[in-house]
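Residues: numbered from 1 along the sequence shown.
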Amino acid sequence: MTYNNGKTLQRGFVTGKYTLTALLAGSSLIWLASMLFCRETTSAAMLFSFGMPVWLSDLASFAVYVLAAVIINSFVVLEGRVSWLGGLYMWLSALSFSLVSNIQSAVSALMLVLLYTIVLSCYQRENVQKWVFTSSALLASFSLLEPRFLYLLPVCLIYWATTSVLGLRNILAALFGLITPFWLYCGVVLLQPDYNNLLPMVPDRLYSLFNGCSFALSLPVVPHLAVELLILLITTSVFVQSTTPAKPIMRKMFTFFVFAGYYLLFLSLFRADDFSLLFAWRLPGIAIMV
């Protein structure tokens with residue numbers, strides 16, 4: 001009886017008419033409470049190299065996560081499109097209090113979702129080279145603002161390999177896409193040195209990616225990582241034993257999110273200073289797996 005009640009409750013949640021409304025309302029209340037009672041008392045927040053008041057950072061973060069949720073809700077990774085996926089993403093982000101007033105993590109998460117949208121479009125299709133070029137150029141462009149986006153290059157390469165788009169023409173398209181934004185940046189700085197102030201210390205920030213890598217596991221994040229790992233392991237087990245989704249491209253897309261989850265989780269162990277950002281990047285995959 002208990003099992004049947006559980007299945008009924010699960011079915012009611014998945015197919016419920018008001019599931020999305022409930023998730024959005026609940027997450028909005030949690031966001032509001034976090035803004036009022038759990039935010040830091042500092043007078044300014046940072047968006048890359050620009051400062052802003054904390055209250056504006058709170059509102060902007062919420063708006064950015066809503067926009068990211070709208071994009072995530074358009075992902076077609078599972079058969080039988082889940083209409084409340086964006087609401088679940090908002091719910092998970094609301095429960096992560098450290099993300100509420102972190103405008104830089106919020107904007108980076110939106111950039112990540114935009115990047116994923118283009119990367120997932122890279123599969124065997126007509127004119128796939130333009131999608132490969134666009135996704136790699138977008139990755140490089142975002143890396144100029146946030147160099148840690150280069151962490152995602154292996155994830156993109158693995159997905160391109162699984163979708164069999166790493167032929168010679170596609171490899172050249174990816175290389176040209178990666179080179180173009182940096183080439184334009186160097187050209188602008190060479191011709192107009194004053195413009196270097198718009199993106200300060202890009203070389204130093206890129207170099208910092210390869211320094212300070214050491215294993216660090218603090219006690220407060222252990223339960224956090226354990227829950228994420230449990231979700232990943234259960235998802236992997238169910239996915240391997242199931243024929244859902246049945247479409248090959250959907251299975252490759254889902255595999256992409258599973259691999260990204262393991263990769264970013266493992267990376268967090270060696271980049272303790274980047275834990276908050278990497279967690280914000282893992283949230284879309286966690287929402288899909290849940």
Is [Y] reachable from [X] through a run of I, L, V, M, F, W or Y residues, each pair having side-chain heavy atoms under 4.5 Å apart?
X: Met90; Y: Ile71; value: yes
X: Leu264; Y: Trp160; value: yes
X: Leu178; Y: Leu184; value: no
X: Leu112; Y: Phe266; value: yes
X: Val119; Y: Ile179; value: no

Pi-cation contact, Tyr123 with Arg125 (under 6.0 Å, within 45°): yes

Aromatic Tyr151 / basic Arg271 pairing, under 6.0 angstrom, 45° off normal: no

Candidate pair Ser93 and Trp31, rule side chain to side chain contact (heavy atoms under 4.5 Å, CB included), full reasoning: CA-CA 9 Å; Ser93 64; Trp31 270 84; 3.7 Å; yes

Check: Phe254 ring centroid to Phe239 ring centroid under 6.0 Å: yes

Heavy atoms only: give me the nearest [X]-[Y] pair and the separation to one decimal.
X: Ala173; Y: Phe133; value: O-CD1, 3.4 Å
X: Ala280; Y: Ala109; value: O-CB, 4.3 Å
X: Lys130; Y: Asn127; value: CG-O, 3.1 Å
X: Val64; Y: Ile103; value: CG2-CD1, 4.4 Å
X: Asn102; Y: Ser276; value: ND2-OG, 3.8 Å

Pair Gln104-Ser108, side-chain donor/acceptor within less than 3.5 Å: no

Evaluation steps, ring pair (Phe, Tyr, Trp, His ring centres under 6.0 Å), between Tyr263 and Trp281: CA-CA 11 Å; Tyr263 170 73; Trp281 285 0; 9.9 Å; no

Leu225: partners by side-chain contact (heavy atoms from CB on, under 4.5 Å), with sequence neighbours left out: Leu217, Val221, Glu228, Leu265, Leu269, Phe275, Arg282

Main-chain N/O of Leu277 paired with Asp274 side-chain donor or acceptor, under 3.5 Å: no

Parallel, tilted or perpendicular: rings of Tyr116 and Phe257 (30°, 60°): perpendicular

His224 and Phe279 aromatic ring geometry - parallel, tilted or perpendicular at 30°/60° bounds: perpendicular

Derivation of the ring pair (Phe, Tyr, Trp, His ring centres under 6.0 Å) call for Tyr159 and Phe259: CA-CA 9 Å; Tyr159 178 73; Phe259 173 76; over 10 Å; no

